[in-house]
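Worksheet: one structure, shown below.
Both counts, for ligands and for their atoms, begin at 1 and track the order of listing.
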Amino acid sequence: MNVLVINSGSSSIKYQLLDMRTETVLCSGAVERIGEETGVLTHKAAPGTEREEKVTLSQPIADHEAGMHLVIDLIVHPERGVVKSLDEIEAIGHRIVQGGDIFNASCVVDDRVVDELTKLIPLGPVHNPGHLAGIRVARHLFPKVPQVTVFDTVFHQTMPPRAYMYALPYELYEELKVRRYGFHGTSHSYVSKEAARFLGKAPEETNLITVHLGNGSSMCAVQGGKSVDTSMGLTPLEGLIMGTRCGDADLAIYPLLGAEKGLSIAEINELTNKQSGFKGICGKNDMRDIHEAVAQGDARARLALDMFGYRNRKYIGSYLAVLGRVDAIVFTAGIGENDPVARELSCRGLEHLGIKLDPERNLAPERGARDISAPQSPVRVLVVPTNEELEIARQTAEVLAPGAKG
Ligand code: AMP
């Protein structure tokens, strides 16, 4: 089965077409700056192989439909296309950030799903409108192709109330569904299964702390293959220190900023989501730039890195307490997979809790799933590359498999 994975945002569409018989990527790309003066499409056929072919287009792209048309033309292009006709696209999987507590599994898209996603916009105002635009266009352009929504929140729907409730007046939960949802669920789900496989154990018997460190970062306590706690909350703002998000911070900062700086709620939201985290502390949000600045003696960059490591260690410590027995700490995503310094800082001083890194293994520039712990470490420390698109395509195929519950 060929599955087209779509991650549609307010002004972008990222996509990947996968052949699920071999789990290979036929093509991938992104349409960006939709609706702006000049849009950009970057497309790669057979990415990562010797036959890789890259196409970049720069032109006005009026809306999501215009963007999808450009993508389709490249997918079935007579010379560089990857399939002969659109009939070879047998399913579409949509990445959805906020599924609230309405969705506790991936599901086939129908009018009811679209209605529910529309109702969830107040809980996912940044992402869900863009997802809905992608679904609308895909249903219009591929009316006969079954489509599935795969949610970032679903993996965390197994959290118990003691983990997902905020200690706010209970009515806010009842009226507005104010609670912790957690995000990056597709990634935590994928790497926890891959880590269990790497350890040679069944997911049901495996306790893990999965550590997704990228532009956005989150941690998850996985007990027997299920999420029992995670660091992100009502939105992806809570928890770890991220590229531009502050993570955990006292809510009382809001009224203070309102009173002293005259900032509106929208401005404070922008400040905490887009101007904080690494960027707020040292002016840089890309981890590679932070390392460069540290090497040049930049004290603020050093502080940002120290804060990041410290927050990660605190969360690892608290999830050790949540889980009791832990088989492995699993690092993933851009920073988690590529940055030995960030991994070392996140595990530093936790030896007495059974977490011992092997400095050489940690530094080795390998790519695949690997063990970077010292041989005598009671808790393994793994690096497992994430693959959210593959997980979305797998779940899409699973939901559509004959006999599966849609
Ligand atoms: P992601 O959101 O998973 O794409 O991760 C993006 C983050 O990963 C950015 O902060 C990048 O600086 C960081 N990153 C990517 N490659 C490396 C690398 N080789 N070393 C350190 N950080 C990296």
Looking only at protein heavy atoms, which one is nearest to [atom], and how far off is it?
| atom | answer |
| --- | --- |
| atom 13 (C) of ligand 1 | Ile335 CG1, 3.6 Å |
| atom 23 (C) of ligand 1 | Gly334 O, 3.7 Å |
| atom 12 (O) of ligand 1 | Asp286 OD1, 2.4 Å |

Mind checking whether [X] and [Y] have parallel, tilted or perpendicular rings, split at 30° and 60°?
| X | Y | value |
| --- | --- | --- |
| Tyr319 | Tyr315 | perpendicular |
| Tyr173 | Tyr164 | tilted |
| Tyr15 | His43 | parallel |

Phe142 and Ile72, any side-chain heavy atoms less than 4.5 Å apart = yes
Non-hydrogen side-chain atoms of Ile241 and Ile281 separated by less than 4.5 Å = no
Give the single entry among Lys284, Arg288, His184 that approaches atom 16 (N) of ligand 1 most closely by any heavy atom.
-> Arg288
For atom 19 (N) of ligand 1, the option (of Asn215, Asp339, Asn338) bearing the nearest heavy atom = Asn338
Does an N or O anywhere in Met287 fall below 3.5 Å from an N or O of ligand 1?
-> yes
Starting at CG of Asn273, measure out to CD1 of Ile268 and round the result to the nearest 0.5 Å.
-> 12.0 Å
Any non-hydrogen protein atom less than 4.0 Å away from atom 4 (O) of ligand 1 = no
